[in-house]
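Worksheet: the structure to be examined is printed underneath.
Position 1 is the first residue of the sequence; numbering continues from there.
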Amino acid sequence: QVQLVESGGGSVQAGGSLRLSCAASDRTFRTYAMGWFRQAPGKEREFVAAISWSGGSTPYADSVKGRFTISRDNTVNSIYLQMNSLKPEDTAVYYCAADRSNVYSMIENVDGIDYWGKGTLVTVSS
């Protein structure tokens with residue numbers, strides 16, 4: 001069973017940057033669509049970015065386009081989220097996700113995603 005472990009969260013001032021990492025427990029991850037979701041206090045979990053197994057498809061939420069970049073390195077079973085120009089509204093727990101389907105199915109069927117990490121907290125102060 002795939003296990004996902006996020007790291008890289010922390011506190012940063014508005015305008016700053018953070019890089020999140022997600023390490024998968026085994027190489028089966030290489031065939032999975034992967035993604036980042038976030039949940040702010042009192043709000044529902046929302047899509048942030050996703051990446052296909054090949055890295056060829058990378059959809060983003062409109063709220064993060066041009067500021068966040070998702071990438072993956074299948075040689076080390078990891079994905080990353082580079083977050084620049086952070087805003088206070090980016091404050092949330094960020095979750096890594098993996099699914100056997102494709103990136104668009106992940107976005108449309110969040111409740112059906114196969115695997116989730118435990119999350120890492122990102123706090124952006126103004």
query: With a 4.0 Å cut-off, would you call K118 and E6 a salt bridge?
result: no

query: More than 12 heavy atoms of other residues, nucleotides or ligands under 6.0 Å from CH2 of W53: is that the case?
result: no

task: Can you tell me which residue pairs pass the salt bridge (Lys or Arg N to Asp or Glu O under 4.0 Å) test with a partner in residues 71-81, sequence neighbours excluded?
output: none

query: Between S52 (side chain) and S57 (backbone), is there a donor-acceptor pair under 3.5 Å?
result: yes

message: Restricting to salt bridge (Lys or Arg N to Asp or Glu O under 4.0 Å), what partner residues turn up for D99, sequence neighbours left out?
response: none

- request: Determine whether V12 and W36 fall in the same hydrophobic cluster, where Ile, Leu, Val, Met, Phe, Trp and Tyr are linked whenever their side-chain heavy atoms lie under 4.5 Å apart.
  value: yes

message: Restricting to non-hydrogen atoms, name the atom on G9 and the atom on V122 that form the minimum distance, rounded to 0.1 Å.
response: CA-CG2, 4.2 Å

message: Looking at R30, I want to see if its CZ is surrounded by more than 12 non-hydrogen atoms of other residues, nucleotides or ligands under 6.0 Å.
response: yes

task: Report the distance from atom CZ of R38 to atom CD of E44, rounding to the nearest 0.5 Å.
output: 14.0 Å

message: Holding to salt bridge (Lys or Arg N to Asp or Glu O under 4.0 Å), I want the full list of residues that pass it with R67, two or more places apart in sequence or in another chain.
response: D90

message: Using the side chain to side chain donor-acceptor pair (under 3.5 Å) definition, which of the options T28, D114, T31 pairs with R100?
response: D114

task: Rounded to the nearest 0.5 Å, what's the gap from CD1 on I79 to CD1 on I70? Could you check?
output: 4.5 Å

field: Heavy atoms from other residues, nucleotides or ligands near CD of Q3 exceed 12 (cutoff 6.0 Å)
entry: no

- request: Might you confirm whether atom CD of Q13 has over 12 heavy atoms from other residues, nucleotides or ligands at distances under 6.0 Å?
  value: no

field: Cluster overlap W116 with I107, hydrophobic side-chain contacts below 4.5 Å
entry: yes

query: Are Y60 and F37 grouped together when hydrophobic residues (ILVMFWY) are joined by side-chain heavy atoms under 4.5 angstrom apart?
result: no

Donor-acceptor under 3.5 Å (S101 side chain, S105 main chain): no

